[in-house]
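Since the structure comes first, as structure tokens, the remarks are kept for the end.
Convention: sequence-line order gives letters A, B, ...; per-chain numbering from 1. Below, each value reflects all heavy atoms present in this structure, side chains not excepted, and no hydrogens, waters or symmetry copies.
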Protein chains: 2
Amino acid sequence: MVRKTKLDAELTRQRIIDAAREVFLARGVSRSTLEHIATRAEVTRGAVYWHFKNKTEIFHAIRDQVFLPLIDRMDDTLTVENSDDPLTQIENSLCDTIHELNNNIQMRQTYEIMMMKCEYVDEFATVLQQILNNCSSITDKFELAYKRAKSKKILAGPHTPRALALDTHLFFSGLLHMWVKDTDGSKFRFQATVLIKSHIQLRRK
Amino acid sequence: MVRKTKLDAELTRQRIIDAAREVFLARGVSRSTLEHIATRAEVTRGAVYWHFKNKTEIFHAIRDQVFLPLIDRMDDTLTVENSDDPLTQIENSLCDTIHELNNNIQMRQTYEIMMMKCEYVDEFATVLQQILNNCSSITDKFELAYKRAKSKKILAGPHTPRALALDTHLFFSGLLHMWVKDTDGSKFRFQATVLIKSHIQLRRK
DNA sequence: TTATATACAAACATGGATGTATGTAAATAA
DNA sequence: TTATTTACATACATCCATGTTTGTATATAA
């Protein structure tokens, strides 16, 4: 039995992606061979080359499957404009992402790969620009939310929404990095939401 | 002329390290060959294997040369206990690191390699633990400084020194990551010190 | 029903990286 | 002065990953 139905083919494609994610995580992207991935997916390299041009294409497939939905989701939480508590809105968008990291294995693995198991050179360098762009966009959303918070007079101190947004973005960026690195959970994973609440609390009047 | 004097040998060793740093930066650690490094250093692989066991050992040499002094330096700035303004002390320690990143090419390159051009698996995984440990230690230093600030009554709000320290650490961790990624400087590099001052200002009564 | 395209497996060909072994001229020790 | 290291360069052997080509059974279209 060689030739599969279209649905079967789609299943093996997904199996290859899943296998690649786990192999990447364990061995790092550059040390992972297509043979490793194929074996883990219980196919041959022939199947892998049928579905993907090369390793880079698998990498992007993994990334797109997890990151594109996540960005949309974060956007959604932040963009609601008629919230009566924009600070809680920011807090929720951050906690929501952490919550996803905790519960969604694929997402956790993907984050770990992107942050610690790949090298941003050549073909991968373009990914960096995308990351930068997403960061800008998220920071802008934070700023808008802080503006709304300011007009509602719930902000402590005289700080500009822009400065607060940048600070929050850097805080969260750092938190994500530490969350991912802290694989035993002792230092950051277990108290991530507490840290977020505390960060927001700093801004509340 | 083959055999060199001891001083000459030390020079070629350093040339190999410098070459490796630039090759790692351009090609990523795993795609960098000892041949690449040797060529750039204007020696042969023979010389490289004479001075280093393998690529990993070069990697550690690069790291140690830059990071060990940096950590000491940050410790020094933070540990002075009789400062009359602990908040400025924290601010200075952060700004000082950014200043070093701006002025010290080797340090900048090394940071970039560690953050974006290597994969933390196998032999490199141990480096991660070191990073985590350094982070804990720095956070502890922050906490002590914030405690001093609290006892001097210059802190705004009711927040604990521990929470403030963690928040600052995450902020700075994020800043370093973004600083490194922002290679054209437009988004973070040029305004890093402003962001730091603003972050500290948030805490000042 | 037959022809063709699909979804792979298996085989092949190539290049490149690693580590080691060997060679060697000069520095240094004795 | 001679013997012995030292600091490399050169040559060799091995392995491994990649990409491509070929083969093939079957799903699907006509």
Next on the checklist: Between A/Ile196 and A/Phe171, is the side chain to side chain contact (heavy atoms under 4.5 Å, CB included) condition met? List the steps.
Outcome noted: CA-CA 9 Å; A/Ile196 292 172; A/Phe171 158 80; 4.1 Å; yes
Item to check | Atom-pair distance (CZ on A/Arg45; C1' on C/dT14), nearest Å | outcome: 12 Å
Next on the checklist: Please pick, from D/dT18, C/dA9, C/dG19, the nucleotide with the shortest atom-to-atom distance to any side-chain atom of B/Asn54.
Outcome noted: C/dG19
Item to check | Nearest listed nucleotide, side chain of A/Trp50, among C/dA10, C/dA7, D/dC8 | outcome: C/dA7
Item to check | Selection from D/dA7, C/dC8, D/dT18 that lies nearest to any side-chain heavy atom of B/Lys4 | outcome: D/dA7
Checklist entry - Got a donor-acceptor contact below 3.5 angstrom from the B/Arg203 side chain to the B/His199 backbone? => result yes
Checklist entry - Phosphate oxygens OP1/OP2 of D/dC8: is one of them under 4.0 Å from a side-chain N or O of B/Thr12? => result yes
Checklist outcome for this item: Rounded to whole Å, NZ of A/Lys53 lies from P of D/dT18 at a distance of 14 Å
Item to check | Straight-line distance of B/Asn92 CG to B/His99 NE2, nearest 0.5 Å | outcome: 12.0 Å
Checklist entry - Over how many whole Å does the gap from B/Leu7 atom CG to C/dA27 atom P extend? => result 13 Å
Next on the checklist: Expressed as a whole number of angstroms, how long is the span from A/Leu34:CG to D/dC16:P?
Outcome noted: 16 Å
Item to check | Among C/dT18, D/dA9, C/dA9, the one nearest B/Thr44 by side-chain distance | outcome: D/dA9
Checklist entry - Between C/dT20, C/dC8, D/dC8, which one does the side chain of A/His51 approach most closely? => result C/dC8
Next on the checklist: Of the listed nucleotides (C/dA17, D/dA9, D/dA27), which one gets closest to any side-chain atom of A/Thr5?
Outcome noted: D/dA27
Next on the checklist: Nearest to the B/Lys6 side chain among D/dA7, D/dT18, D/dC8, which nucleotide is it?
Outcome noted: D/dA7
Item to check | Nearest-angstrom distance from the residue atom CZ of A/Phe52 to P of D/dT18 | outcome: 15 Å
Next on the checklist: Assess whether a salt bridge exists between B/Arg31 and A/Asp122, defined as any Lys/Arg side-chain N lying under 4.0 Å from an Asp/Glu carboxylate O.
Outcome noted: yes
Checklist entry - Nearest-Å distance, CD (B/Glu123) to P (C/dT18)? => result 12 Å
Checklist entry - For B/Tyr49 and C/dG19, is the shortest distance between a side-chain N/O and OP1 or OP2 below 4.0 Å? => result yes
Checklist entry - To the side chain of B/Ala47, which of D/dA9, C/dT18, C/dA17 is closest? => result D/dA9
Item to check | Value in whole Å for how far the C1' atom of D/dG19 lies from CD of A/Glu57 | outcome: 14 Å
Item to check | Short side-chain N/O contact to D/dC16 OP1/OP2 from A/Thr33, under 4.0 Å | outcome: no
Item to check | Ion pair B/Lys197/B/Glu91, N-O distance below 4.0 Å | outcome: yes
Checklist entry - In whole angstrom, what separates B/Glu10's CD from D/dT6's C1'? => result 14 Å
